[in-house]
J.: 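Pasting a structure below so you can have a look.
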Amino acid sequence: IAWHKAAEKALAESQAMLRLLLDTIPHLIYWKDRDLRYQVVNKPFMEFFGYADPVQVLGKSDFEILRNPDHARRAIATDHLVMDSGQPQRRLNWSFVGPSGQTQWLEITKVPIRNAKEEVVGTLGTAEDVTQRINLEKQLLQSQKMEAIGALAGGIAHDFNNILTSILNSAELALLDLAPENPIRPNLERVIRASLRGSRLVKQ
């Protein structure tokens with residue numbers, strides 16, 4: 001009896017330590033059995049998906065946990081691929097709508113779990129919340145696009161201003177060659193006014 005009690009105590013301490021380690025790791029960690037029902041999830045997993053107690057998750061399927069049917073189908077399809085091929089799926093970037101309603105991103109890796117006979121009996125998944133990194137990459141890309149548009153607009157404006165300057169100078173020189181009563185003068189004056197308006201617009 002004493003030996004059994006000691007063994008039970010050691011087992012409980014080992015399980016408590018395993019739980020502590022799982023909950024301390026900042027990544028989401030979970031594994032599912034062959035029927036793709038959750039057997040273990042850590043604290044970051046529950047926090048990401050808005051659950052307070054593992055009882056709300058354990059023994060349930062993705063359709064019950066992920067809320068969005070498209071997300072559940074995607075997760076199940078990947079799990080089947082991992083189990084059927086026996087090969088891991090690495091660095092999958094998936095977006096989820098979190099409990100707050102905002103889009104969040106996970107970088108997911110799934111590997112097959114094997115028993116002593118090397119039979120695949122489930123999947124182990126780890127995921128990192130990369131929402132901040134993805135958002136920063138999007139902001140950088142947008143900034144680069146705006147910079148490219150600015151450079152393009154600046155180049156066009158410079159070339160267009162050179163054309164307007166040539167028109168303006170030619171019109172002014174032609175105007176100097178005409179007598180005050182020449183009927184062509186109003187046309188050239190309109191050209192000059194239009195060129196000046198175009199130049200101001202380009203500067204803006």
Side-chain angles (χ1 to χ4, degrees), residues 1-138 140-141:
I1 292 173
W3 183 88
H4 280 296
K5 285 184 177 180
E8 289 173 356
K9 181 181 178 182
L11 178 61
E13 290 175 350
S14 176
Q15 290 175 336
M17 177 58 68
L18 177 59
R19 169 53 57 185
L20 178 63
L21 290 174
L22 287 174
D23 289 341
T24 302
I25 296 171
H27 290 57
L28 286 68
I29 298 176
Y30 54 96
W31 65 76
K32 308 173 192 175
D33 62 14
R34 186 76 195 181
D35 296 324
L36 299 184
R37 294 192 172 274
Y38 287 88
Q39 301 302 305
V40 173
V41 295
N42 69 344
K43 188 175 180 181
F45 179 98
M46 292 189 296
E47 290 175 346
F48 184 88
F49 290 106
Y51 292 102
D53 192 325
V55 174
Q56 297 173 280
V57 179
L58 299 183
K60 295 184 178 179
S61 70
D62 284 300
F63 282 108
E64 298 170 284
I65 300 303
L66 299 183
R67 299 184 179 95
N68 186 316
D70 291 335
H71 295 167
R73 280 189 285 269
R74 180 176 59 183
I76 290 171
T78 309
D79 285 325
H80 278 302
L81 177 62
V82 169
M83 289 193 297
D84 294 343
S85 68
Q87 298 298 318
Q89 293 289 305
R90 304 181 188 277
R91 302 176 68 88
L92 306 171
N93 282 328
W94 289 357
S95 63
F96 294 86
V97 178
S100 63
Q102 295 181 332
T103 299
Q104 297 174 278
W105 289 84
L106 290 178
E107 186 177 270
I108 300 172
T109 294
K110 295 188 177 189
V111 299
I113 298 176
R114 301 178 186 275
N115 60 15
K117 298 178 181 179
E118 288 298 309
E119 299 168 333
V120 176
V121 294
T123 61
L124 168 67
T126 63
E128 180 183 3
D129 187 346
V130 292
T131 305
Q132 185 176 9
R133 190 191 78 195
I134 295 291
N135 289 339
L136 288 174
E137 289 174 353
K138 288 182 177 179
L140 176 61
L141 182 60

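Reckoned from all heavy atoms, side chains included, excluding hydrogens, waters and symmetry mates. Each residue takes its place number in the sequence, starting with 1. None of these values were measured; they are calculated from a predicted model.
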J.: Minimum heavy-atom separation for V41 and Y30, please, with both atom names.
T.: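 Scanning both residues completely, I find the closest heavy atoms to be CG1-CB, 3.9 Å.
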J.: What is the minimum heavy-atom distance between L58 and Q39, and which atoms define it?
T.: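 In terms of heavy atoms, the two residues are closest at CD2-O, 3.3 Å.
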J.: Hey, could you give me the CZ/CG distance between R74 and D79, rounded to the nearest 0.5 Å?
T.: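 Output value for this atom pair is 12.0 Å.
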J.: Distance check, rounded to the nearest 0.5 Å: L141 atom CG versus L136 atom CG?
T.: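 It is 12.5 Å, given to the nearest 0.5 Å.
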J.: Any sub-3.5 Å donor-acceptor pair from Q56's side-chain atoms to A52's backbone N or O?
T.: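 Between the backbone of A52 and the side chain of Q56 there is a qualifying donor-acceptor contact (under 3.5 Å).
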J.: Look at the rings of F96 and F49 and say which category their plane angle falls in: under 30° parallel, 30 to 60° tilted, over 60° perpendicular.
T.: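 Plane angle over 60°, so perpendicular.
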J.: Anything under 3.5 Å between a donor and an acceptor, one on a side chain of residues 86-95, the other on a protein residue two or more places apart or in another chain? List them.
T.:
none

J.: Less than 4.5 Å apart, side chain to side chain, heavy atoms only: is that true for E64 and R37?
T.: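 E64 reaches R37 side chain to side chain.
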J.: What distance do W105 atom CH2 and E137 atom CD have between them, rounded to the nearest 0.5 Å?
T.: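 It comes to 10.0 Å.
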J.: Given side-chain contact (heavy atoms from CB on, under 4.5 Å), test F45 with V57 step by step and report yes or no.
T.: CA-CA 10 Å; F45 179 98; V57 179; 4.1 Å; yes
J.: Rounded to the nearest 0.5 Å, what separates atom OG1 in T126 from atom CD1 in I108?
T.: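 Spacing of OG1 (T126) from CD1 (I108) equals 9.0 Å.
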J.: Tell me the closest heavy-atom pair linking T131 and T103, and the distance in Å.
T.: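 What the structure gives for the nearest pair is CG2-O, 3.9 Å.
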J.: Could you work out, with ring-ring contact (aromatic ring centres under 6.0 Å, His included) as the rule, every residue matching H27, not counting sequence neighbours?
T.: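 For H27 there are no ring-ring contact (aromatic ring centres under 6.0 Å, His included) partners, ignoring immediate neighbours.
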J.: Looking only at heavy atoms, which two atoms of D53 and M46 are closest? And how far apart?
T.: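 Smallest interatomic distance, heavy atoms only, reads C-SD, 3.5 Å.
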J.: List the steps, then state whether side-chain contact (heavy atoms from CB on, under 4.5 Å) holds for F63 with R73.
T.: CA-CA 8 Å; F63 282 108; R73 280 189 285 269; 3.7 Å; yes
J.: How long is the gap from CD1 on I29 to CG on N42, to the nearest 0.5 Å?
T.: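 Here the interatomic distance stands at 5.0 Å.
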J.: Working to the nearest 0.5 angstrom, can you tell me the gap between Y38 OH and T123 OG1?
T.: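 With rounding to 0.5 Å, OH (Y38) is 8.0 Å from OG1 (T123).
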J.: Check whether any side-chain heavy atom of H71 lies under 4.5 Å from a side-chain heavy atom of D62, and answer yes or no.
T.: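 Heavy-atom side-chain distance check fails, nothing below 4.5 Å.
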J.: Is any side-chain heavy atom of K110 closer than 4.5 Å to a side-chain heavy atom of L81?
T.: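 Of all side-chain heavy-atom pairs linking L81 with K110, none is under 4.5 Å.
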J.: Evaluate the criterion side-chain contact (heavy atoms from CB on, under 4.5 Å) for residue pair L106 and D129; output intermediate values, then yes/no.
T.: CA-CA 5 Å; L106 290 178; D129 187 346; 4.2 Å; yes
J.: Could you check whether any side-chain heavy atom of K32 comes within less than 4.5 Å of a side-chain heavy atom of M83, counting everything from C-beta outward?
T.: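 No, too far: nothing below the 4.5 Å cut-off.
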